[in-house]
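Presented below is the structure to which this report refers.
As a basis for the values below, the full set of heavy atoms in this structure was taken, side chains included, without hydrogen atoms, waters or symmetry mates. Lettering follows sequence order; numbering is per chain, from 1. Because the structure is predicted, anything quoted here is derived from the model rather than measured.
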Amino acid sequence: MKPKADNNGYSESEDFIRARIRSDLESGIKKPVTRFPPEPNGYLHIGHAKSICLNFGIAEEFGGECNLRFDDTNPSKEDIEYEEAIKEDVRWLGFDWEDRIYYASDYFEQLYEYALQLIGEGKAYVDDLSAEEIREYRGTLSEPGRESPSRERSVEENLRLFQAMRNGDFDDGQYVLRAKIDMASGNMNMRDPVMYRIMKKSHPRTKDSWSIYPMYDWAHGQSDSIEGITHSLCTLEFEDHRPLYDWFIAQLGIFHSRQIEFARLNLSYTVLSKRNLMKLVSEGFVSGWDDPRMPTISGLRRRGYTPESIKDFCRKIGITKQDSVIDMELLEHSVREDLNRRAQRMMVVLDPLKVVIVNYPEGKEEELDAVNNPEDPSMGKRKVPFSRELFIERDDFMEDPPKKFYRLSPGSEVRLRYAYIVRCVGFERDPATGEVTEVHCEYDPDTRGGSAPDGRKVRGTIHWVSAKSASRVTVRLYDRLFTVPNPMADKQREFTEFLNPDSLRILENCAAEPALGDCAGDINCQFERKGYFVLDSVDSVSGAPVFNRTVSLRDSWSRQSGGKVG
RNA sequence: UGGGGCAUCGUAUAAUGGCAGUACAGCGGACUCUGAAUCCGCUAGUCUAGGUUCGAAUCCUAGUGCCCCAGCCA
């Protein structure tokens, strides 16, 4: 194979799963059938996106199918609330399961029949050991387990007890059904794993018709088999479940799906486990599963990430079996790349400082042409109003600028984007606080539109908004959720101790171009020189828009100046 | 020797016995009406030690490091 690579960060060569599928296709399998099998017990996150892109992506690429299956085998943890959210997220990413939506609970009856079969063949037994006793009997990682006294129970007795378990004749925990495999196996999963537990709990779909529920290992592989899943893709921690997965299928003599494991996604400066995300939500560290700081699909969506950027990210990170932590900056790169291509440019002043153009006639107002997207001329131009009083960013003016400060300072010239070249002729400050309150400039009428007919070079170009017609908008600046790359690394400390106290800054008084005052819908735009922003879908109300910063623009100036400015 | 898995620039990933490549990050430059984008360049890697071979990231041997497993969770 040629080591070819394009310029988009992913090579044309296949990952090991696609390579295996291609080879399986050559040796007889007609088409690959995959599945995305979430448990409806939380919201999907970017790690699930990796799995979704893999499973649905393979189906698309190889002319196969990908099912959506809810792994709803534990009614004590699952909730119908999550189901719709999961479906919405998968759809939003752009994938379609058509009519192939399944539930593990659809197979409860079949699973029960399979269990009867194994009991009948002496390969499963009802155990009356308590949970604690089962743990003791299981042994440890380095010592073999001991066989339960129940292991010798007769087939007839097992059948009778198992049926009684189903009938609800027993209390929770009184009995379990176990596979009879090998209590001395080095693989803990093979030490007579529990197949069913008694749980007198109503199920969202099957209601009260079951008082026993199958365990993951018993339900998952058989569900795969029933659906004709050819390649059952899951994460690395299930690697040592594969012998059990294969054992059940072999004993039953049913269609043999093949489990293949890949490394789960880890992202720097965040956490990616439902348990920990749940904690952030339930303990109020964030506003909800869709808080724009969350690595959930719904959070990223609300943050302004596009489906394309997430899919591109998933393609770039690849599929391997190596534990890894992907740099958050790669995700940010993907969204910048996408939004740069499509986002409408706007001028918005986040931290307004008043500028008076002293030689510009009072009361005069004119409209100037601004380009909507320099990357895409088809997006056209718009008019922006200009007048004597403007706002610029407070940090675009310095009384005492450092070297290479290309913005406004006393005596210096700067270009107001799409407007005029102006020179700072003075400023006022609040005598009490020393804060600059107003900057005075003179404009050069010959530079209308921002060009310099005399050919003079002006290094700095800054954005501005006409004071009179500015819309007041709220802007939320988001930063990484945690202050350390891996919040879980320190075993001595709770990960929430590493939460970034500045992960959200709210700016209530930003000055925007008039058009932004009453916009609606999914609006991704670039605030020039500031970053990509999206209209918040939850907190925006008509006439009072709220914008979330998706990601800042790359900023070599703040890096160069040590982050002190800009 | 409890079982299973993984080791390639800072971070990811490619090379399947034949030039260690790509992306992100970093650094420098060009260009620029966004200190953006774009373009050009630079820095930087095969866990260790042996062995096989004309040739090893790749095969063999022995180490080392890291991850997962003792739920009636998934």
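- Straight-line distance between the P atoms of rG10(B) and rU48(B): roughly 13 Å, to the nearest whole Å.
- W557(A) qualifies as a stacking partner of the rG35(B) base, centre to centre under 5.5 Å and near-parallel within 30°.
- Base pairing annotation: rU16(B) forms no Watson-Crick or G-U wobble pair, as no partner gives both donor-acceptor distances under 3.5 Å.
- Taking the six-membered ring for Trp and thresholds of 30 and 60 degrees, W218(A) and F248(A) have ring planes more than 60 degrees apart, a perpendicular arrangement.
- Residue contacts for K321(A): at a heavy-atom cut-off of 4.0 Å it reaches the sugar-phosphate backbone alone, with no base atom in range.
- Look at the P atom in both rU8(B) and rG3(B): the space between them is 25 Å, to the nearest Å.
- For the OP1/OP2 pair of rC24(B) and a distance below 4.0 Å, the side-chain nitrogens and oxygens of R336(A) include no atom meeting the criterion.
- I421(A) comes within 4.0 angstrom of nothing in the nucleic acid, heavy atoms only.
- The partner of rU1(B) is absent, by the rule that a Watson-Crick or G-U pair needs both atom distances under 3.5 Å.
- Ring geometry, Y43(A) versus W289(A): the interplanar angle falls under 30°, so the pair is classed parallel (tilted spans 30 to 60°).
- Applying the 4.0 Å criterion to OP1 and OP2 of rA37(B), one finds that R554(A) has a side-chain N or O inside that range.
- Classified by interplanar angle (parallel below 30°, tilted 30° to 60°, perpendicular above 60°), the ring pair F386(A)/W464(A) is perpendicular.
- Between E39(A) atom CD and rG71(B) atom C1' there is a gap of 13 Å when expressed in whole angstrom units.
- Phosphate proximity of rG3(B) to R138(A): absent, as no side-chain N or O sits under 4.0 Å from OP1 or OP2.
- With D444(A) contributing its side chain and I421(A) its backbone, the two residues share no donor-acceptor pair below 3.5 Å.
- For a distance-only test at 3.5 Å, the side chain of D240(A) qualifies as a donor-acceptor partner of the base of rG3(B).
- Side chain E329(A) to base rU11(B): no donor-acceptor pair is found below 3.5 Å.
- At the heavy-atom level, V176(A) lies under 4.0 Å from base atoms of the strands shown.
- The aromatic rings of Y103(A) and F70(A) sit parallel, their planes meeting at an angle under 30°, below the 60° perpendicular limit.
- OP1 or OP2 of rA74(B) lies within a sub-4.0 Å distance of a side-chain N or O belonging to R197(A).
- Nucleic acid contact for G318(A): none, since no nucleic acid atom lies under 4.0 Å from a heavy atom of the residue.
- Residue F238(A) is in base contact, counting any heavy-atom pair closer than 4.0 Å across all strands shown.
- Within the 4.0 angstrom heavy-atom criterion, base atoms lie near L129(A).
- Summarising the geometry of P214(A) relative to L111(A), their closest heavy-atom pair is CG-CD2, 4.1 Å, with the distance given to 0.1 Å.
- Across all strands shown, rU38(B) forms a Watson-Crick or G-U wobble pair, both distances under 3.5 Å, with rA30(B).
- For rG71(B), the base adopts the syn conformation, since its glycosidic angle falls within 90 degrees of zero.
- Heavy atoms of S324(A) sit under 4.0 angstrom from primed sugar atoms or phosphate atoms, though from no base atom.
- Residue L553(A) is in base contact, counting any heavy-atom pair closer than 4.0 Å across all strands shown.
- As judged by a 4.0 angstrom heavy-atom cut-off over every strand, R345(A) is placed among the base-contacting residues.
- H463(A) comes within 4.0 angstrom of no nucleic acid atom, judged by non-hydrogen atoms across all strands.
- Residue-to-nucleotide contacts include no donor-acceptor pair under 3.5 Å from the side chain of R529(A) to the base of rG35(B).
- Under the Watson-Crick and G-U wobble criteria, each requiring two contacts below 3.5 Å, nucleotide rA70(B) is left unpaired.
- Regarding I17(A), its CD1 atom lies at a distance of 17 Å from the C1' atom of rA14(B), rounded to whole Å.
- Residues F238(A) and C234(A) come closest through the heavy atom pair CB-SG, 3.7 Å.
- If you take atom P in rG65(B) and the same atom in rC47(B), they sit 16 Å apart, rounded to whole Å.
- Between rU38(B) and rU46(B), the distance separating the two P atoms is 30 Å to the nearest Å.
- Across all strands shown, rU11(B) is found opposite rA23(B) as a Watson-Crick or G-U wobble partner, with both distances under 3.5 Å.
- The residue Q526(A) sits close to a base: some heavy atom pair falls under 4.0 Å.
- Counting non-hydrogen atoms under 4.0 angstrom, L330(A) reaches the backbone sugars and phosphates but no base.
- Using a 4.0 Å cut-off, some side-chain N or O of H333(A) falls inside it from OP1 or OP2 of rC24(B).
- Pair assignment for rU53(B): none, as no Watson-Crick or G-U wobble contacts are both less than 3.5 Å.
- Note on R417(A): a base of the nucleic acid sits closer than 4.0 angstrom, heavy atoms only.
- Where D172(A) and S451(A) meet RNA chain B, the nucleotide closest to each residue was compared, and S451(A) sits on the side nearer the 5' end.
- Regarding contacts with the backbone of rA12(B), every side-chain N or O of Q322(A) stays at 4.0 angstrom or more from both OP1 and OP2.
- Checking rU48(B) for Watson-Crick or G-U wobble geometry (two distances, each under 3.5 Å) identifies rA62(B) as its partner.
- In this model, the phosphate group of rA36(B) is approached by a side-chain N or O of S556(A) to a distance below 4.0 Å at OP1 or OP2.
- A donor-acceptor pair is defined here as one N or O able to donate and one able to accept, closer than 3.5 Å; no such pair exists between the side chain of S324(A) and the backbone of I326(A).
- Nucleotides rG41(B) and rG50(B), compared at atom C1', are 40 Å apart to the nearest Å.
- Residue K404(A) is classed as a base contact, given a heavy-atom separation below 4.0 Å to a base.
- In this pair, Y213(A) and H203(A) present their aromatic rings parallel. The plane angle is below 30°, not in the 30 to 60° band.
- For rC73(B), the OP1/OP2 oxygens have no side-chain nitrogen or oxygen of T73(A) closer than 4.0 Å.
- Of the side-chain N and O atoms in R559(A), one or more sit less than 4.0 angstrom from OP1 or OP2 of rG26(B).
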